[in-house]
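Basis for what follows: all heavy atoms, side chains included, without hydrogens, waters or symmetry-related copies.
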Amino acid sequence: MIEATVFVVDDDNSTRELLAWLMKRHGLRTQVFPDARSFLKSYKAEMPGCLVVDLNMPGMSGLELQQYMKEHGVLLPVLFLSGRADVPKAVKAVREGAIDFVEKPFDYRRAVALVEECIKRDADTRAGTERRRVYSERLAQLTQREREVLELVVAGRMNREIAEKLDISIKTVEAHRARIMEKLEVNSVAELVQATLAAG
C-alpha cells in the first residue's frame, strides 16, 4: 500500500522547510514543491494524502491549482495557507471544496490536526471508491435472472412473492439467492443490500 504523503506547495522556502519539519515530527511523510507546475509534474492520482498549498503564488495560484485538479477529477483533499488579507479568497476556496484554510503565521497544532483530518478523509474516500469498484465487478457477474431476483430481495420481498412475480418455483428462487450471495461474497440480506448500495 502506498503511504499517505503531505504535498506542500509554497513559493516561500522557509514555509516549505517549516511544514516539512513539522510534519516529519508527527510521523507524516512530506514532499515539498516551490510551485504548482512542479507539483503537477510529479503527482499521480493514485498517490494518497493531502495537499497543503499557498493561496497566492506566482504563476499558477493555489486557487487555480485547486480548480485544475477538480476539472481533472483529482480528489486529493486541499488545505490552504493564507495571509490575513487572503481570508475572503480562502473562504471561496473552501466553498469550492477545500477542507479548510490556515492563516499565516499558523498555529502548529491546528495545522497538524487539519492535515491528519485531510489524510483520514482521503483514505475514507479511496476505500469507498475501491469498495464500489469491487462490488460493481461482482454485480457484473450476475445473470439477468439473478439480477431480477436481487432487485426483489433488496426491495424486501419474500421468496414466495419473488417466485410468484417471476413465475418460478420457490426452490429456484432459493437457488438464485444462494448463487447471488456466493457471487457477491456476502453472508446476509443486510450485507447484500449494502453491497448493492455500495455499487451504486
Side-chain angles (χ1 to χ4, degrees), residues 1-7 26-29 31 39-40 42-53 65-80 92-100 112-200:
M1 212 171 105
I2 312 169
E3 192 187 345
T5 301
V6 183
F7 301 96
H26 287 83
L28 297 166
R29 187 168 180 266
Q31 280 186 31
F39 163 71
L40 286 172
S42 99
Y43 182 72
K44 307 249 179 320
E46 63 271 14
M47 296 174 167
C50 87
L51 174 64
V52 180
V53 61
L65 174 58
Q66 178 192 25
Q67 206 53 50
Y68 178 89
M69 287 171 71
K70 231 171 122 177
E71 282 163 14
H72 289 78
V74 180
L75 303 172
L76 195 68
V78 181
L79 188 61
F80 278 104
K92 178 179 188 280
V94 170
R95 283 207 196 104
E96 287 290 320
I99 302 297
D100 211 329
V112 172
L114 283 170
V115 163
E116 286 172 341
E117 185 196 323
C118 284
I119 288 172
K120 186 190 177 307
R121 230 183 254 207
D122 185 53
D124 291 348
T125 302
R126 285 172 194 273
T129 304
E130 178 58 16
R131 212 169 30 248
R132 267 195 302 282
R133 188 190 65 74
V134 168
Y135 282 127
S136 294
E137 279 178 10
R138 289 179 190 167
L139 278 171
Q141 294 169 26
L142 300 183
T143 64
Q144 184 55 41
R145 180 58 96 194
E146 285 165 354
R147 279 174 181 276
E148 289 167 4
V149 172
L150 173 64
E151 274 172 33
L152 294 166
V153 170
V154 170
R157 301 289 176 86
M158 308 308 275
N159 286 356
R160 185 180 40 76
E161 295 175 290
I162 297 171
E164 278 171 22
K165 184 149 175 69
L166 299 178
D167 199 19
I168 53 179
S169 73
I170 290 180
K171 276 226 168 324
T172 306
V173 173
E174 285 167 358
H176 281 313
R177 279 182 75 145
R179 272 201 300 278
I180 292 166
M181 305 283 257
E182 203 178 297
K183 286 182 180 178
L184 294 184
E185 295 177 33
V186 295
N187 301 308
S188 66
V189 173
E191 280 182 33
L192 194 63
V193 172
Q194 285 170 345
T196 311
L197 290 172

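Across Gly49 and Ala4, no two heavy atoms sit closer than the pair CA-CB, 4.0 Å. Across Leu51 and Met69, no two heavy atoms sit closer than the pair CD2-SD, 3.6 Å. The nearest pair of heavy atoms linking Met181 to Val189 is CE-N, 4.2 Å. Here the closest non-hydrogen pair linking Ile180 and Leu150 is CD1-N, 3.8 Å.
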Using side-chain contact (heavy atoms from CB on, under 4.5 Å), reason through Val53 and Phe80 one step at a time and then give a plain yes or no. CA-CA 5 Å; Val53 61; Phe80 278 104; 3.4 Å; yes
Exercise for review: Decide yes or no on side-chain contact (heavy atoms from CB on, under 4.5 Å) for Leu166 and Val173, but give the supporting numbers first.
Suggested key: CA-CA 9 Å; Leu166 299 178; Val173 173; 5.8 Å; no
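No salt bridge links Glu116 with Lys120; every basic N to acidic carboxylate O contact stays at or beyond 4.0 Å. The pair Arg145-Glu148 meets the salt-bridge criterion, since a charged nitrogen lies less than 4.0 angstrom from a carboxylate oxygen.
Pairs engaging residues 167-180 under the salt bridge (charged side-chain N to carboxylate O under 4.0 Å, His left out) rule: Glu146-Arg179 [sequence neighbours left out].
Using a 4.5 Å cut-off on side-chain heavy atoms (C-beta onward), Leu65 and Leu40 make contact.
Ala199 meets the side chain to side chain contact (heavy atoms under 4.5 Å, CB included) test with Tyr135, Ser136, Leu139; sequence neighbours excluded. Residues forming a side chain to side chain contact (heavy atoms under 4.5 Å, CB included) with Asp122 (at least two apart in sequence, or on another chain): Pro48, Leu76, Pro77, Arg126.
The CD atom of Gln31 sits 6.0 Å away from atom CE of Met47, with the distance rounded to the nearest 0.5 Å. Atom-to-atom distance recorded for Arg138:CZ and Glu185:CD is 3.5 Å, nearest 0.5 angstrom. Atom CG in Leu197 sits 10.0 Å away from atom CG in Leu192 (nearest 0.5 Å). From His176, atom NE2 reaches atom CG of Leu142 across 11.0 Å, with rounding to the nearest 0.5 Å. Expressed to the nearest 0.5 Å, how far CZ of Arg121 lies from CD1 of Ile99 amounts to 3.5 Å. One distance of note links CD1 of Ile119 with CZ of Arg29; it measures 11.0 Å at 0.5 Å rounding.
Other residues, nucleotides and ligands contribute more than 12 heavy atoms inside 6.0 Å of the NZ atom of Lys70.
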